[in-house]
Engineer: 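Got a structure for you, written out below as structure tokens; questions coming shortly.
Small disclaimer: the values here were computed from a predicted structure and weren't measured.
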Amino acid sequence: MRLPRPRLRGIHRLLLPRTRAGQRRAVQAVMLLCVLALLPATWMFTVADGRLRTTADAPRTDVAVVFGAGLMWNGAPSMYLANRLDAAAKLYREGRVKVVLVTGDNSSHHYDEPHAMRMYLTHNGVPDARIVSDYAGFDTWDSCVRAKKIFGVDRAILVSQGFHIRRAVALCQEAGIDSYGVSAVDHQDALWYYGTARELFAADKAAVDALFEPEPQFLGPKEPGVARALAGAGDRASRRQSRRA
């Protein structure tokens with residue numbers, strides 16, 4: 001028994017305008033939608049243009065901000081997060097930053113990105129006293145706003161992967177932080193392709209955040225952690241100079 005064939009011609013008549021003017025307006029509407037869809041990504045690339053560096057040529061500044069990127073089943077940093085932390089540790093060892101602010105998700109007792117990031121950095125040559133933890137960096141916008149309003153960061157090197165770094169720079173710029181981005185090592189695996197595709201949709205949210213500037217999920221009182229770490233770093237540098245003299 002043959003099933004009746006769908007009447008595609010009738011469907012096409014319903015979907016497509018019948019007049020030339022209507023067809024032209026439909027094409028213009030599609031083009032406008034495409035332009036609007038690309039505007040957030042264009043904004044990100046424009047803001048971040050000229051602000052991307054490597055660990056070798058990053059400007060010397062006080063603070064590096066490392067964004068969380070997930071943990072493994074045993075609580076250790078994921079491969080992507082470990083690469084970000086390696087880049088931050090290198091920036092510290094080479095004297096390009098004095099303090100590392102690690103920002104991530106600590107929404108439960110069983111998931112603590114900032115703690116895992118701190119442990120990894122201390123095992124890779126960054127003193128614990130030079131690491132500051134932000135436990136409420138639930139997304140990029142929250143991390144940028146909290147770095148500015150809670151920790152008093154005015155200028156920073158941001159560390160992330162290439163597929164995310166432009167969004168991080170654009171949002172931190174909007175939050176009032178003079179930002180430069182350093183891309184950590186990428187691995188072009190399935191997760192990398194997922195992250196790259198996800199950025200197309202994340203750009204829309206980033207543009208909305210930059211436009212309306214919502215409050216983070218948790219703001220809280222100001223914290224002196226970065227200022228104290230920088231003061232300690234300054235005292236240490238002064239002691240070194242005194243010994244050399």
Engineer: Between A156 and I177, what is the shortest heavy-atom contact and its length?
Structural biologist: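 That would be N-CG2, 4.0 Å.
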Engineer: Grab the two heavy atoms, one from L91 and one from A58, that are nearest each other, plus how far apart they are.
Structural biologist: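 So the minimum-distance heavy-atom pair works out to CD2-CB, 4.0 Å.
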Engineer: Say whether, by atom type as modelled, one donor and one acceptor occur between the side chain of W141 and the main chain of P214 under 3.5 angstrom.
Structural biologist: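 Yes.
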Engineer: Checking Y111 now: which residues fulfil side chain to side chain contact (heavy atoms under 4.5 Å, CB included) with it, not counting sequence neighbours?
Structural biologist: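 So Y111 forms a side chain to side chain contact (heavy atoms under 4.5 Å, CB included) with L71, D105, S108, E113.
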Engineer: Do L101 and Y180 sit in one hydrophobic cluster, given that two such residues count as connected whenever their side-chain heavy atoms are within less than 4.5 Å of each other, even indirectly?
Structural biologist: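 As far as the 4.5 Å side-chain criterion goes, Y180 and L101 are not connected within one cluster.
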Engineer: Can you give the donor-acceptor pairs under 3.5 Å from side chains of residues 215-234 to other protein atoms, not counting sequence neighbours?
Structural biologist:
from	atom 1	to	atom 2	distance (Å)
E215	OE2	K149	NZ	3.3

Engineer: Within the side chain of R96, is there an N or O that forms a donor-acceptor pair under 3.5 Å with the backbone of A56?
Structural biologist: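 Such a contact is found between R96 side chain and A56 backbone.
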Engineer: Looking only at atom types and distance, does a side-chain atom of D57 sit under 3.5 Å from a main-chain N or O of T54, one as donor and one as acceptor?
Structural biologist: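 Yes, because the side chain of D57 sits within donor-acceptor range (under 3.5 Å) of the backbone of T54.
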Engineer: With S160, which residues qualify under side-chain hydrogen bond (donor to acceptor under 3.5 Å, both in side chains), at least two apart?
Structural biologist: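 If we apply the side-chain hydrogen bond (donor to acceptor under 3.5 Å, both in side chains) test to S160, skipping adjacent residues, the hits are R84, H164.
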Engineer: Restricting to side chain to side chain contact (heavy atoms under 4.5 Å, CB included), what partner residues turn up for T46, sequence neighbours left out?
Structural biologist: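 By the side chain to side chain contact (heavy atoms under 4.5 Å, CB included) rule, T46 matches T42.
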Engineer: Kindly state each residue pair satisfying disulfide bond (SG atoms under 2.5 Å apart) with at least one member in residues 59-97, sequence neighbours excluded.
Structural biologist: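 Counting only pairs at least two positions apart or across chains, no disulfide bond (SG atoms under 2.5 Å apart) contact touches residues 59-97.
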Engineer: Test your reading of the model: is there a side-chain donor-acceptor pair from T61 to the backbone of P59, 3.5 Å cut-off?
Structural biologist: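 It does not hold such a pair.
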Engineer: Just grab all the disulfide bond (SG atoms under 2.5 Å apart) pairs involving residues 63-156, residues at least two apart or on different chains.
Structural biologist: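 Of all non-adjacent pairs touching residues 63-156, those that pass disulfide bond (SG atoms under 2.5 Å apart) are C144-C172.
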Engineer: Counting C-beta onward and ignoring hydrogens, is there a side-chain heavy-atom pair between V65 and S143 closer than 4.5 Å?
Structural biologist: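 Contact flag for V65/S143 side chains = no.
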Engineer: May I ask you to decide if V185's main-chain N or O and N83's side chain share a donor-acceptor pair within less than 3.5 Å?
Structural biologist: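 Confirmed, N83 side chain pairs with V185 backbone.
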Engineer: What residues join L211 in its hydrophobic cluster, counting side-chain heavy atom gaps under 4.5 Å, either direct or through other members?
Structural biologist: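 So far as hydrophobic clustering goes, L211 is joined with V208, F212.
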Engineer: Can you list every pair that meets salt bridge (charged side-chain N to carboxylate O under 4.0 Å, His left out) and has a residue in residues 151-164, with sequence neighbours left out?
Structural biologist: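 Sorted pair list: K148-D154, R155-D178.
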Engineer: Could you tell me which non-hydrogen atom of Q161 sits nearest to which non-hydrogen atom of Y80, and how far apart they are?
Structural biologist: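 Closest heavy-atom pair between Q161 and Y80: NE2-O, 3.2 Å.
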Engineer: For D49, enumerate each residue passing the side chain to side chain contact (heavy atoms under 4.5 Å, CB included) test, keeping only those at least two apart in sequence or located in another chain.
Structural biologist: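 So D49 forms no side chain to side chain contact (heavy atoms under 4.5 Å, CB included) with any residue.
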Engineer: Taking side-chain hydrogen bond (donor to acceptor under 3.5 Å, both in side chains) as the test, write out the residues that go with R146, two or more places apart.
Structural biologist: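 Testing R146 for side-chain hydrogen bond (donor to acceptor under 3.5 Å, both in side chains), a comparison that skips the adjacent residues, returns D134.
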Engineer: Where do S183 and I165 come nearest, in terms of heavy atoms and distance?
Structural biologist: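 It is OG-CG2, 3.5 Å.
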Engineer: Determine all donor-acceptor pairs shorter than 3.5 Å in which one atom belongs to a side chain in residues 122-129; sequence neighbours excluded.
Structural biologist:
from	atom 1	to	atom 2	distance (Å)
T122	OG1	R118	O	3.3
T122	OG1	M119	O	2.8
H123	ND1	M119	O	2.7
N124	ND2	Y120	O	2.7
D128	OD1	R118	NH1	2.8
D128	OD2	R118	NH1	3.4

Engineer: Applying salt bridge (charged side-chain N to carboxylate O under 4.0 Å, His left out), which residue pairs with at least one partner in residues 135-144 are found, sequence neighbours left out?
Structural biologist: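 Listed once each, the pairs are D139-K205.
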